**Q** 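Got a structure for you, written out below as structure tokens; questions coming shortly.
Just so you know, ligand 1 is whichever comes first in the structure, and atom 1 is the first atom listed for that ligand. Counting from 1, the numbers follow the sequence of the chain as shown. This one's a predicted model, so the numbers in the text were calculated from it and none came from an experiment.
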Amino acid sequence: MKIGIACFPTYGGSGIIATELAHLLAERHELHLVSYDKPVRLGEKEDFFFHKVELLAYPLFERVPCCYSLALTSKLSEVIKSYDLDIVHAHYAVPNAASAYLANKICHDSAKVVTTLHGTDSYLVGSHPSYKEVTQFSMQNSDSLTTVSRYLKERTMADFNISKEIRVIHNFVDPHKFQRLKRDREEKIVCHSSNFRPIKRIPDIIKAFKTICQDLECKLLLIGDGPERSKAEDMAKSFGIDENVVFLGNVRKVQEIIGKSDLFLLPSEDESFGLAALEAMSCEVPIVATGVGGLKELISHGVDGYLTSVGDTDALAQYSLEILSDSNLQEKFGRNARRKVLEKYTPEIIVPRYESLYEQTLR
Ligand code: GMT
């Protein structure tokens, strides 16, 4: 098949999945990735075509950022036509699905449009009154629609009144890339990785860590960057724990940090799947997370981690201490987590599901 993928190139789950998928599909198909920049998780192999969406800096557009969706639409239609694409796969509905729909219309529906919803494109940004109509239209008019969890499917059906079939295709992780690494220090490592938006509740991590490091010698490694970072840095300082909290910023090979960690924290307010937790599980790292959304599908309480209520920083700290102070429990949870990844979330299991969806859509 000739497949085009539209995605965000930045640090965020949808771009990571889209890029990994592009690499894996390129082993068997002709692949074209369309975005405004090269994706951050781009591998070493140049196995697919990359088409950069160029933006016109025009004074009239300064405060009206409409130009990206139009430039993306134009680039997508150019790629559909020039390479005679069969499938255009939009990752993240806003604006990628709308642009894919319009680009395909420009090409007289010569391709089929598949949209994968990743989370906030449905229940946060996509539901916002500014975007709801167009998001609903692009979902309903995609030739196929997928979500990354059952939770997101149900929520999307309810919020958008979608009548078409939604297929759940979970996220995946490469277990060869994400695996346990040899530790190079004695003290315990607690880790978190995200784009530091309010939905991730970074201050809850700092509060819980204050309690954790009163009882145990440990470090908190925070991977990523975003709007909540400086607030978290100030909190760590005011709690007097800033020497134990390391803000790493965006890291290209997150597996090198996560693979040496003892515990991963994800206290999000909402999470459609939790790719960051899946990556940690693949590295045999137990998780303490909130029991929200897709995290309930991914993590089994008392088997590979613990689930808490949103905002319950005492439980976050207590469960963390339980795991960190009992290496047998930590290893058991870690092994269970890795086993689950190997049974359900590898590329070998998930990628063929996208391929068979493409084939069905073309039929
Ligand atoms: O919200 C983010 O952290 C970024 C966002 C994205 O699309 O880039 O992540 C969403 O998609 C990921 C990949 O499918 C999921 O694993 C995340 O759970 C989801 N984030 C939220 O629902 C908050």
**Q** Geometry only, no angles: is Tyr92 polar-contacting ligand 1 at N/O separations under 3.5 Å?
**A**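 N/O-N/O distance below 3.5 Å does not exist for this pair.
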**Q** With salt bridge (Lys or Arg N to Asp or Glu O under 4.0 Å) as the rule and sequence neighbours excluded, what pairs involving residues 75-97 come up?
**A** Lys75-Glu78
**Q** Relative to ligand 1, is Val148 under 4.0 angstrom through side chain, backbone, both or neither, heavy atoms considered?
**A**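 Within the 4.0 Å criterion, Val148 contacts ligand 1 through side-chain atoms alone.
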**Q** Which option out of Glu271, Glu269, Arg197 puts a heavy atom nearest to atom 20 (N) of ligand 1?
**A** Glu271
**Q** Under the rule for salt bridge (Lys or Arg N to Asp or Glu O under 4.0 Å), what residues qualify as partners of Glu348, not counting sequence neighbours?
**A** none
**Q** Assess Lys210 against Phe239: is NZ or CZ under 6.0 Å from the centre of the six-membered ring, and within 45 degrees of the ring's axis?
**A**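 Judged by the rule, Lys210 and Phe239 form a cation-pi pair.
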**Q** Hey, does Gly274 sit under 4.0 Å from ligand 1 if you only count heavy atoms?
**A**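 Yes, that is the case, since the closest heavy atom of the residue is under 4.0 Å from the ligand.
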**Q** In ligand 1, which numbered atoms sit nearer than 4.0 Å to a non-hydrogen atom of Ser14?
**A**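 So the atoms of ligand 1 that pass are 6 (C), 7 (O), 8 (O), 13 (C).
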**Q** Consider side chain to side chain contact (heavy atoms under 4.5 Å, CB included). Of Arg155, Lys132, Gln140, which one does Phe160 pass it with?
**A**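 With Phe160 as partner, side chain to side chain contact (heavy atoms under 4.5 Å, CB included) holds for just one option, Lys132.
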**Q** In terms of atom number and element, which parts of ligand 1 are under 4.0 angstrom from non-hydrogen atoms of Asn171?
**A** 13 (C), 14 (O), 15 (C), 16 (O)
**Q** What protein heavy atom sits nearest atom 10 (C) of ligand 1, and how far off is it?
**A**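 It is His118 O, 3.3 Å.
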**Q** On a heavy-atom basis, I'd like to know which of Tyr123, Phe196, Tyr151 is closest to atom 22 (O) of ligand 1.
**A** Tyr123
**Q** Counting heavy atoms only, which part of Asp121 comes closer than 4.0 Å to ligand 1: side chain, backbone, both or neither?
**A**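 None of Asp121 does.
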**Q** Which residue, Val190, Ile287, Ile189, forms the side chain to side chain contact (heavy atoms under 4.5 Å, CB included) with Phe264?
**A**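 Exactly one option meets the side chain to side chain contact (heavy atoms under 4.5 Å, CB included) with Phe264, and it is Ile287.
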**Q** Could you find the nearest protein heavy atom to atom 16 (O) of ligand 1 and give me its residue, atom name and distance?
**A**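 Residue, atom and distance for the closest contact: Leu275 N, 2.9 Å.
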**Q** Is the ring pair Tyr345/His170 parallel, tilted or perpendicular, if the boundaries are 30 and 60 degrees?
**A** perpendicular
**Q** I want to confirm something. Looking only at heavy atoms, which of Ser149, Ser122, Gly13 is nearest to atom 9 (O) of ligand 1?
**A** Gly13
**Q** What distance do Leu316 atom CG and Tyr319 atom OH have between them, rounded to the nearest 0.5 Å?
**A** 10.5 Å
**Q** If the cut-off is 4.0 Å to any non-hydrogen atom of Asn195, which atoms of ligand 1 fall inside it?
**A**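 Going through ligand 1 atom by atom, the ones under 4.0 Å from Asn195 are 2 (C), 3 (O), 4 (C).
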**Q** Would you say Glu27 and Leu24 make side-chain contact, with heavy atoms under 4.5 Å?
**A** yes
**Q** Inspect the surroundings of CZ in Arg167 and state if more than 12 heavy atoms from other residues, nucleotides or ligands are less than 6.0 Å away.
**A**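 It does: Arg167 CZ has more than 12 such atoms within range.
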**Q** Any heavy atom of His91 sitting closer than 4.0 Å to ligand 1?
**A**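 No.
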**Q** For ligand 1, which atoms, with element, lie under 4.0 Å from some heavy atom of Ser272?
**A** 15 (C), 17 (C), 18 (O), 19 (C), 21 (C), 22 (O)
**Q** Looking only at distances, please establish whether an N/O atom of ligand 1 is found under 3.5 Å from an N/O atom of Phe273.
**A** yes
**Q** Taking the ring of His91 and the ring of Phe8, is the distance between their centroids below 6.0 Å?
**A**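 Ring centroids of Phe8 and His91 are no less than 6.0 Å from each other.
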**Q** Record the part of Asp270 in heavy-atom contact with ligand 1 below 4.0 Å; permitted values are side chain, backbone, both and neither.
**A** backbone
